[in-house]
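Please read the structure below before turning to the comments.
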Amino acid sequence: MTITPARVRLAPSPTGHMHLATARNALYNFLLARQTGGQFILRLEDTDIKRTLPGAEQEIMDGLRWLGLDYDEGPDIGGPYGPYRQTERREIYQHHAKTLIEKGAAYPCFCSAERLEQIRQEQRARKETPRYDGACRNLDPGEAARRVAAGEKHVIRLKMPQDGTTVAHDLLRGDIVVENKNFDDAILLKSDGLPTYHFGAMVDDYEMKITHVLRGAEWLSTFPLHVNILRAFGWDEPVWVHFSLFLKPSGKGKMSKRAAAEALKDGYSIFVKDMHDLGFIPEGVLNWAALMGWGVPEDDVMTLEQMIKRFSVDRLTPSPAAINFQKLDHFNGTHIRLLQTEDLAARLKPYFTREGFAVNDEMLLKIVPLIRERLVTLDDCLPFAGFFFRETVSPNPEDLIAKGLDARQSAEVARRAYQILSAQPDLGHARAEPPMRAYVEESGLTANQVFGILRVAVTGQKVSPPLFESMEIIGKEKALERLKRAIEILEKM
RNA sequence: GCCCCCAUCGUCUAGCGGCCCAGGACGGAGCCCUCUCAAGGCUCAAACAGGGGUUCGAGUCCCCUUGGGGGCACCA
């Protein structure tokens with residue numbers, strides 16, 4: 001592997017929500033840049049005016065920042081090779097297109113979209129591969145130039161070689177050899193003067209001195225075209241890496257709108273903007289995304305820093321990967337457990353306030369260690385710790401009855417617990433637990449039965465963080481109040 | 001239909017000719033720990049798609065078949 005600084009880029013089009021695949025794409029590029037001491041560039045491929053969505057651009061930049069994948073050059077921060085929006089680079093493409101025409105490697109085409117659509121349909125009807133018939137390819141250059149000068153609507157096409165083969169080299173897949181007769185003359189510049197992806201990306205990668213193009217395998221079929229564009233100019237090629245695509249969790253087909261909606265129902269999303277709301281943290285998302293398409297022998301829990309050290313472009317996997325959301329849960333929970341208490345508390349707070357709880361920071365700091373290893377997503381803090389912030393709890397009466405006991409017996413246990421606890425100066429867990437344990441012993445009941453009643457009474461739920469530690473945080477007054485209320489409920493049953 | 005890519009446990013993957021009767025992770029099963037739920041520890045089940053070659057030796061190289069994926073726009 002070369003250790004020369006790599007200039008890499010993420011070149012998304014602002015036409016929809018930022019996808020998980022874009023995030024992973026960004027990550028791999030970022031990793032290579034940071035590892036080699038190079039630059040990671042954000043370039044917006046916004047040449048499809050019709051499909052460009054307002055806000056999409058911002059969403060991409062926000063998504064990258066949230067993930068911690070900071071770019072060194074980009075539309076909002078500038079850089080030495082700007083502008084970084086393709087719509088602002090019109091003249092650059094036009095200049096290069098002109099060069100190609102002068103070299104005889106490209107030509108203006110005056111065929112209408114209607115005519116093209118018609119020949120495509122005819123070809124399809126004949127079960128042929130749809131492709132441009134080359135009608136304008138052999139127009140007299142002088143004549144063509146006159147029509148262009150006269151303002152006739154046209155596009156610019158690449159004069160693709162018609163014989164022989166094109167050999168394109170991918171770092172992961174080796175040489176990809178395609179017969180040139182399988183290609184038609186691709187459009188470089190659209191009639192609105194903006195480039196197609198193929199031309200825009202090649203020109204910009206050259207202009208921006210990109211050394212490695214790491215992109216998804218969806219570009220593999222147009223890869224030879226891209227190489228031919230570069231060769232028409234006589235430009236050097238970057239190192240090409242086409243990594244794997246994401247498949248639906250079922251493994252059948254790529255993620256669709258429908259599959260995305262399906263995932264959301266289960267509390268998952270393939271859109272970066274949803275991740276925070278769903279309680280995922282960047283560390284978890286990144287670790288998860290990194291490992292779909294990149295395998296490490298062992299120790300697969302990694303921070304960004306560790307990934308930078310361990311990343312290796314040539315170890316990316318070429319085969320498609322089915323998205324596995326259960327694994328997202330796993331990595332998210334694992335990285336939550338890795339966070340410092342203060343850090344986790346700060347990240348949890350918005351989820352409490354979002355629910356309308358007035359959060360006491362000091363109290364939150366005490367709660368965090370109790371719930372940390374129980375969280376899969378940040379929003380899990382609500383079911384686990386919401387009761388700390390509520391004035392009162394309303395337990396399900398049935399839950400107050402311990403297994404193997406009836407309501408009367410359970411009430412008796414609750415009354416004894418009340419006596420014992422109210423006799424303590426405070427409910428520090430070291431102070432409250434021993435006498436309660438002693439009571440369990442003498443009563444012949446199980447800890448499960450006794451503590452279960454107490455738990456439901458004090459927290460209002462059957463599942464909670466450790467009981468005595470929780471009561472300590474709630475405080476003697478409030479805990480006893482809740483217990484008293486539970487006794488009343490039991491006595492009425 | 002045509003072109004291209006891919007192929008190891010259910011899933012993500014390690015493996016780059018002998019170290020592999022195939023390792024890790026998620027998920028699953030069981031046990032331990034335990035006041036609930038988790039976390040944690042231990043154990044188990046689970047794969048080289050099929051067929052031909054090459055080689056002393058193939059999961060690893062080549063070919064075919066099959067299966068999966070992607071592309072075939074004045075979209076990216």
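A quick note: this is a predicted structure, and the numbers were derived from the prediction, not measured. Letters A, B, ... are given to chains in the order of the sequence lines, protein chains preceding strands, and every chain is numbered from 1.
- Ring geometry, A/W294 versus A/Y28: the interplanar angle exceeds 60°, so the pair is classed perpendicular (tilted spans 30 to 60°).
- For B/A49, the paired base is B/U65 (Watson-Crick or G-U wobble, both distances below 3.5 Å).
- The aromatic rings of A/F331 and A/H335 sit tilted relative to each other, their planes meeting at an angle between 30° and 60°.
- A/R315 comes within contact range of the sugar-phosphate backbone alone, with a heavy-atom separation under 4.0 Å but no base atom that close.
- If you take atom P in B/A22 and the same atom in B/A46, they sit 10 Å apart, rounded to whole Å.
- Nearest to the side-chain atoms of A/R173 among the listed nucleotides B/C35, B/C12, B/C5 stands B/C5.
- Atoms CG (A/L42) and P (B/A76) sit 17 Å apart, rounded to a whole Å.
- For a distance-only test at 3.5 Å, the side chain of A/S191 qualifies as a donor-acceptor partner of the base of B/C74.
- Under the side chain to side chain contact (heavy atoms under 4.5 Å, CB included) test applied with A/N228, the options A/M202, A/M160, A/K159 reduce to a single match, A/M160.
- At least one side-chain heavy atom of A/E207 sits under 4.5 Å from a side-chain heavy atom of A/R89.
- For B/G59 and B/G53, the P atoms lie 15 Å apart once the distance is rounded to whole Å.
- Contact annotation for A/A321: backbone-only contact, meaning every heavy-atom pair under 4.0 Å involves sugar-phosphate atoms and none involves a base.
- Between A/T317 and B/U13, a side-chain N or O to OP1/OP2 separation shorter than 4.0 Å is present.
- For the residue pair A/R482/A/T459, the side-chain donor-acceptor check at 3.5 Å is not satisfied.
- Remark: A/L245, A/K252, A/G253, A/K254 in residues 241-259 of chain A come within less than 4.0 Å of RNA chain B through at least one heavy atom.
- Using a 4.0 Å heavy-atom criterion, one finds that A/G333 contacts no nucleic acid atom at all.
- Contact check, A/N448 against B/U36: a side-chain N or O comes under 4.0 Å of OP1 or OP2.
- Residue A/R437 places at least one side-chain N or O closer than 4.0 Å to OP1 or OP2 of B/C35.
- Taking the six-membered ring for Trp and the full ring otherwise, A/Y197 and A/W219 have centroids separated by under 6.0 Å.
- Distance, A/R43 CZ to B/A76 C1': 12 Å, rounded to whole Å.
- Rounded to the nearest Å, the gap between the C1' atom of B/C37 and that of B/U43 is 23 Å.
- By the 30° and 60° cut-offs, the orientation of the rings of A/Y206 relative to A/H96 is perpendicular.
- Separating the C1' atom of B/A58 from that of B/A25 is a span of 26 Å, rounded to the nearest Å.
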